[in-house]
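Position 1 is the first residue of the sequence, and the numbers go up from there. Scope of the values below: all heavy atoms of this structure, side chains included, with no hydrogens, waters or symmetry mates.
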Amino acid sequence: LSLSLCQSSRPAYHTRKKELEEELANLNQSIVSAEKEAAKMTSETARVRNLIADERLLLDSMRDNESDWATLHARAAADRAEAISTRERIKKGLEEKVAALLGQF
């Protein structure tokens, strides 16, 4: 009797074993797929971090350029003011010399 029970449960055991092996193979495939996806995401994250770093460098450069332009603009305004002042002094000096020369006649 016990031999017949073992023999009758044997096909069910093999069927269940095969099902479990297939499930294990599917789980392993899922793990491999998940690892590949994680590697893609890690790569994409690194790419995005590099893009963000590049954007920060660009913004810093733009701020520096803006500051440089503001400095140059202020310097140009000061140079213009000095040039106008110098021109006015020269003009006044020439007018005084012309008036002095005309006063001699």
Side-chain angles (χ1 to χ4, degrees):
L1 179 67
S2 105
L3 181 61
S4 72
L5 280 175
C6 286
Q7 288 175 343
S8 68
S9 66
R10 194 167 230 215
Y13 166 78
H14 285 295
T15 302
R16 182 67 181 140
K17 180 182 175 190
K18 187 167 178 94
E19 289 172 353
L20 289 174
E21 286 172 346
E22 287 176 6
E23 191 175 329
L24 180 60
N26 289 338
L27 287 173
N28 284 333
Q29 184 59 42
S30 295
I31 289 170
V32 168
S33 295
E35 287 171 343
K36 286 179 183 177
E37 189 63 27
K40 283 182 193 175
M41 293 177 81
T42 299
S43 173
E44 186 65 17
T45 300
R47 190 180 74 78
V48 169
R49 283 185 180 150
N50 287 338
L51 287 173
I52 290 170
D54 290 347
E55 288 294 322
R56 285 183 180 150
L57 288 174
L58 181 60
L59 285 173
D60 288 345
S61 175
M62 290 172 68
R63 281 189 207 109
D64 290 346
N65 286 340
E66 187 176 310
S67 175
D68 291 346
W69 278 110
T71 301
L72 288 174
H73 183 71
R75 210 176 285 154
D79 289 347
R80 262 193 313 277
E82 186 178 340
I84 290 170
S85 172
T86 301
R87 185 182 70 205
E88 291 300 317
R89 268 196 329 269
I90 292 171
K91 181 180 174 186
K92 184 175 180 182
L94 288 174
E95 287 173 348
E96 289 173 356
K97 286 183 182 182
V98 168
L101 285 174
L102 288 176
Q104 292 178 359
F105 295 108

Any side-chain heavy atom of [X] sitting closer than 4.5 Å to one from [Y]?
X	Y	value
Ser33	Gln29	yes
Tyr13	Lys17	yes
Glu37	Met41	yes

Nearest 0.5 Å, what's the [atom1]-[atom2] distance between [X] and [Y]?
X	Y	atom1	atom2	answer
Thr15	Leu20	OG1	CG	11.0 Å
Leu101	Leu94	CG	CG	10.5 Å
Asp64	Leu59	CG	CG	11.0 Å
Thr42	Glu35	OG1	CD	11.5 Å
Glu55	Asn50	CD	CG	12.0 Å

Side-chain donor or acceptor of Ser61 paired with backbone N/O of Leu57 under 3.5 Å: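 Absent.
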Would you say Thr86's side chain and Glu82's backbone share a donor-acceptor pair under 3.5 angstrom? yes
Glu21 bridged to Lys18 by N-O distance under 4.0 Å: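 Judged by the 4.0 Å cut-off on N to carboxylate O distance, Glu21 and Lys18 do not form a salt bridge.
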Does Glu66 form a salt bridge (Lys or Arg N to Asp or Glu O under 4.0 Å) with Arg63? I'd like the steps, not just the answer. CA-CA 5 Å; Glu66 187 176 310; Arg63 281 189 207 109; over 6 Å; no
Could you go through Arg89 and Ser85, starting from their C-alpha distance and side-chain angles, then the distance that decides it, and tell me whether this counts as side-chain contact (heavy atoms from CB on, under 4.5 Å)? CA-CA 6 Å; Arg89 268 196 329 269; Ser85 172; 3.5 Å; yes
Lys92 vs Glu95, salt bridge (Lys or Arg N to Asp or Glu O under 4.0 Å): CA-CA, chis, key distance, verdict: CA-CA 5 Å; Lys92 184 175 180 182; Glu95 287 173 348; over 6 Å; no
